[in-house]
Amino acid sequence: MLQALDETGRLICFTDKRSHSEWRYLQKSGRFRCPICNQQVRMRLGTKRRWHFAHQKSEMCPSGGEGESDEHVRGKQLLFHWAARQNKATQLETYLRESKQRPDVYIESSSPLALEFQCATLSAKTLYERNTLYARQGISPVWIFGGSRLKRKRRQMFQIQQFEWYGLRHAQREPFFIYLDAHTEKVCLLRHVVAVLPSLALATPSFIALERLTLSDLLQPPPLSVCYADSLSAYRRQVKNNIHRNRSLAHLLATFQLTDIPLTAGWPVPTQRYLQVSPFLWQTSFIHAYLSHALKCAPRTLTQIAVLLSSCLRQFRHPFKPYCDPKKVTAQLAREYLALLEAFGLLKKIAPGAFIKSSEEEILSCKGKEKEQRFLYCWNDLLLANNKRASKVVARQGKETSI
């Protein structure tokens, strides 16, 4: 930790401006206590790690926070000074006794913020529980991941670990992640995030120096136009060329006696981020085993189709990510997928929430390069519109689902 109390009860913090000799004098002459548990702590002024205060190994502090990396210590110092320059009442490592939490940086306002700089890997359960505790106190957590966690796989493809999805933010226009490189002092806003797989997402990075970033732009980034058609096209080709390596997909295609993936499968929709099953799998199964049969005779309502989709998803093991509401996710997923099929010209809306199969196109088709190219741009245009609505899917806790 970066601060402790001296023998007079004065708060000593490593963000204070002191000379090297002054810090050495304090280390030799003073005794320090943790401001949370009141146990004795030592001032560490080493040469290998950033200076900090540390508890005795045998002592336990209710706030935790031991074993911080140099990257984490430097990052929260940067965030503290940056937040203070935003003309906000800012506290470093303040202890919230009600929830026994110690956010890295706490910003006091009518809608208080807790800035959490996260470098190490956590469990999804831990992040979800921290979010829940903050929400109960009326505090909005802002998860800022370490720059080393930003892992680009392709130009617009990024690896996202499961726990990181619970740090996803939602502005009115889009879902996005925040990263901070504590060494270069640059922030990356990973914009317009679209889950492709549980650990893979389409996204557009936007880099800015921390000193030039405002709090309002961090919380509500300005509009940004994106196009993922080419990136998704390349990814679809990769999947189709390697079906033999994907046992689940190969088995599903064999079940329906297909030699190729249907053109109507493999389309990430905004609510895909709540699922642990590939869109190639659930959409192929849904189209062939449920939707094509349901639309043969009569129109179907959105509610009826959502029930069918729920049955489809239940055939997969653990289809939903933890801590989301499956019923609400399924309803939103059905709404988005039907809207996509309507944009493709495969379905026709005859009344609000009622659909029939269009006679112009074959919903089970697997061939047609020109058709797939048209679908790609229809999908991209609809995606940006759907991103605005996806954040309305609500978690069990009654808040925006932050995955």
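Please read all numbers here as calculations on a predicted model, not as lab measurements.
Around the NZ atom of Lys240, the shell of radius 6.0 Å holds more than 12 heavy atoms that belong to other residues, nucleotides or ligands. Summarising the local packing, NE2 of His244 is surrounded by more than 12 heavy atoms from other residues, nucleotides or ligands at distances under 6.0 Å.
Between the side chains of Thr126 and Arg130, no donor-acceptor pair of N or O atoms lies under 3.5 Å. A donor atom on one side chain and an acceptor atom on the other are not found under 3.5 Å apart for Arg317 and Gln276. Inspection of the Gln272 and Trp282 side chains reveals an N or O donor paired with an N or O acceptor under 3.5 Å. Defined by atom type and a distance below 3.5 Å, a donor-acceptor pair is present between the side-chain atoms of Ser310 and Arg314.
Atom CD of residue Gln283 and atom CG of residue Leu333 lie 7.5 Å apart, to the nearest 0.5 angstrom.
The shortest side-chain heavy-atom distance between Leu115 and Trp82 falls under the 4.5 Å cut-off.
Note on residues 195-218: pairs passing side-chain hydrogen bond (donor to acceptor under 3.5 Å, both in side chains), not counting sequence neighbours, are Thr204-Tyr228, Thr214-Ser216, Thr214-Asp217.
Checked against side chain to side chain contact (heavy atoms under 4.5 Å, CB included), Ala294 has the following partners two or more places apart in sequence or in another chain: Arg300, Leu308. Residues passing the side-chain hydrogen bond (donor to acceptor under 3.5 Å, both in side chains) test with Arg154, sequence neighbours excluded: Gln238. For Gln257, there are no side-chain hydrogen bond (donor to acceptor under 3.5 Å, both in side chains) partners two or more places apart in sequence or in a different chain. Listed by chain and residue number, nothing satisfies the side-chain hydrogen bond (donor to acceptor under 3.5 Å, both in side chains) test with Arg85 (two or more places apart in sequence, or in another chain). Legend: residues meeting salt bridge (charged side-chain N to carboxylate O under 4.0 Å, His left out) with Glu185, ordered by chain and number and at least two apart, are Arg74.
Using a 4.0 Å cut-off between a side-chain N of Lys or Arg and a carboxylate O of Asp or Glu, Arg149 and Glu164 qualify as a salt bridge. Between Lys125 and Glu129 there is a salt bridge, since at least one side-chain N of the basic residue sits less than 4.0 Å from a carboxylate O of the acidic one.
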